[in-house]
Number of protein chains: 2
Amino acid sequence: MSHQRWDYAALMRERGFRVTPQRQLILDAICEGGGHTTPEEVYERVRAKSPAVNRATIYRTLDFLCELRLVVAADVGNRRMVYEIAGDTPHHHLVCRTCGKVEQISHETVKALFAKIEREQEFTVDMDHLALFGLCPKCRRAELRGKR
Amino acid sequence: MSHQRWDYAALMRERGFRVTPQRQLILDAICEGGGHTTPEEVYERVRAKSPAVNRATIYRTLDFLCELRLVVAADVGNRRMVYEIAGDTPHHHLVCRTCGKVEQISHETVKALFAKIEREQEFTVDMDHLALFGLCPKCRRAELRGKR
DNA sequence: GCAGTAATTGCATCTGTTCGCAATAGCGGA
DNA sequence: TCCGCTATTGCGAACAGATGCAATTACTGC
Ligand SMILES: [Mn+2]
Ligand SMILES: [Mn+2]
Ligand SMILES: [Zn+2]
Ligand SMILES: [Zn+2]
């Protein structure tokens, strides 16, 4: 699996942005991760191939790729951000507060809520990578047992 | 309105935590704000009354109060955190990506989603101060106009 | 190919937040 | 009321992330 399936280079140029080696390296680094990747992981992978790339460029480029919607981000707790190549359909996550496990849920599941908010408040929610916090089945059972 | 309606001091002691002047000052400072308050605002208010209190204490105490669920937090974009006294019923927010306006929505609105997730994945979502991002009516209309 | 232009980068610096550690001070028990 | 235990604090330093600016460089049109 790779980001090569979009012509991201053309996509950038179309909108008046430039295709730089840094941007390609960073996109590659996110791809290599497969799933969620932290800025620090991206930095390390990029730096392995091209040590001169600056940390500031990593952060600016991650923001840039999110704005282009080539990449999605989420805060998975304790203000730790993770980045990921944007798939064809959005997906979301459930993060356990106790064990930290991250599960995935479909966009289908949350769509109804976004539609309701659109109807009731005229507000267009456009989150394509939401993180919801709570307790996973295992930790919840452990908590119930503990309370008795 | 004030946090005096709970016996937060007893609540802390019950659970084996200590009631310190710093914690009381910080709780007061959040109260004074009325609504959403940033760590820096808390710091300023506390420091006005007691200049020796350290910044690290502010951050540690805000986390602590969130864990006790006396206070709720939310990232309202660009990793800016806001804190607020936890009310009797939770509420949530809609944050406009363009103008930054923050609206409020009831827990009622999102409850159905949490219940569905509980049913379908056995995962207990327990968020009491969610922030959803998107476009407010005004900005969305502006955007539509711009695209033509 | 080459030059002009503006987007992008690297660098230096700043800000907000976290962390380890030693000093302080709540709280429970004598 | 005093004592001892340990939770909490202040301090200093580390840290991630953002920002202003000058140097670089990708793209456009010739
Ligand atoms: Mn994901
Ligand atoms: Mn709120
Ligand atoms: Zn868990
Ligand atoms: Zn708006």
Side-chain angles (χ1 to χ4, degrees), chain A residues 7-30 36-47 49-68 70-71 73-83 100, chain B residues 7-30 36-47 49-68 70-71 73-83 100:
Chain A
D7 194 352
Y8 64 86
L11 198 150
M12 288 184 194
R13 284 199 200 94
E14 264 167 36
R15 307 198 201 175
F17 301 114
R18 295 182 182 173
V19 180
T20 66
Q22 289 90 335
R23 286 177 177 173
Q24 306 192 54
L25 283 166
I26 290 167
L27 217 31
D28 287 345
I30 302 171
H36 292 173
T37 306
T38 65
E40 204 54 29
E41 287 165 348
V42 172
Y43 182 53
E44 288 310 327
R45 279 185 215 130
V46 168
R47 161 189 276 257
K49 293 184 187 161
S50 180
V53 176
N54 194 271
R55 240 208 199 81
T57 304
I58 304 291
Y59 289 106
R60 279 187 292 226
T61 303
L62 287 173
D63 281 353
F64 167 77
L65 294 172
C66 285
E67 269 159 37
L68 282 191
L70 290 177
V71 163
D75 185 335
V76 293
N78 301 319
R79 65 186 81 260
R80 251 173 276 286
M81 298 301 286
V82 293
Y83 296 83
Chain B
D7 195 352
Y8 65 87
L11 198 149
M12 287 184 195
R13 283 197 201 95
E14 264 167 36
R15 307 199 201 174
F17 301 114
R18 295 181 182 173
V19 180
T20 65
Q22 289 90 336
R23 286 177 176 172
Q24 306 192 53
L25 283 167
I26 290 167
L27 217 30
D28 287 345
I30 301 171
H36 292 173
T37 307
T38 65
E40 205 53 31
E41 287 165 349
V42 172
Y43 182 53
E44 288 309 328
R45 280 186 213 130
V46 168
R47 160 189 276 256
K49 292 184 187 161
S50 180
V53 177
N54 193 272
R55 242 207 198 83
T57 303
I58 304 290
Y59 287 104
R60 279 188 293 227
T61 303
L62 288 172
D63 280 354
F64 167 79
L65 294 172
C66 285
E67 270 158 37
L68 283 192
L70 290 177
V71 164
D75 185 335
V76 294
N78 300 319
R79 60 189 86 260
R80 252 174 277 285
M81 297 302 287
V82 294
Y83 296 83

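Letters A, B, ... mirror the listed sequences (proteins, then strands); counts begin at 1. The basis for the numbers below is simple: all heavy atoms, side chains too, and nothing from hydrogens, waters or symmetry mates. Here the structure is a predicted model, which means the values were calculated and not measured.
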Between A/A9 and A/V19, the two heavy atoms sitting closest are O-CG2, 3.5 Å
Round to a whole Å and report the spacing from CD of A/E40 to C1' of D/dC15. 10 Å
How close or far is atom C1' of C/dG10 from atom CZ of A/R47, stated in whole angstroms? 13 Å
Using atom CG of A/D63 as one end and atom C1' of C/dA7 as the other, report the distance to the nearest whole Å. 16 Å
d(CZ, A/F64; P, D/dG17) in whole Å: 20 Å
D/dA16 P sits how many Å from A/Y59 OH, rounded? 7 Å
Figure out the CZ/P separation between A/R15 and C/dT8, and round it to whole Å. 13 Å
Going by heavy atoms in the side chains, are B/L65 and B/I30 under 4.5 Å from each other? yes
With the side chain defined as heavy atoms from C-beta on, A/R55 is closest, among C/dG10, D/dG10, D/dA16, to D/dA16
For A/N54 and A/A56, indicate whether the former's side chain and the latter's backbone hold a donor-acceptor pair under 3.5 Å. yes
For C/dG26, does the base pair up with any side-chain atom of B/R23 as donor and acceptor (N or O, under 3.5 Å, distance only)? no
Under 4.0 Å from OP1 or OP2 of C/dC11: is there any side-chain N or O of A/N54 that close? yes
Does the side chain of A/M12 reach to within under 4.5 Å of the side chain of A/F64, using non-hydrogen atoms? yes
Take the protein atom CD1 of A/I26 and the nucleotide atom P of C/dT8, then report the distance between them rounded to whole Å. 13 Å
What is the separation between atom CG on A/N78 and atom P on D/dA16, rounded to the nearest whole Å? 15 Å
For A/E67, enumerate each residue passing the side-chain hydrogen bond (donor to acceptor under 3.5 Å, both in side chains) test, keeping only those at least two apart in sequence or located in another chain. none
Sub-4.5 Å side-chain heavy-atom contact between B/R55 and B/E40: yes
Minimum-distance nucleotide (side-chain atoms of B/R60 versus D/dT9, C/dC11, D/dA16): D/dT9
When you measure from the side-chain N and O atoms of B/T57 to the phosphate of D/dT9, is any distance below 4.0 Å, counting only OP1 and OP2? no
Give the B/S/- string for nucleotides 23-28 of chain D, one per nucleotide from 5' to 3', where a protein heavy atom under 4.0 Å of the base yields B, of only the sugar-phosphate yields S, and otherwise -. --BBS-
Output yes when at least one side-chain N/O atom of A/R79 is less than 4.0 Å from OP1 or OP2 of C/dT18, else no. yes
Report yes if the side chains of B/Y8 and B/R23 come closer than 4.5 Å at any heavy-atom pair, otherwise no. no
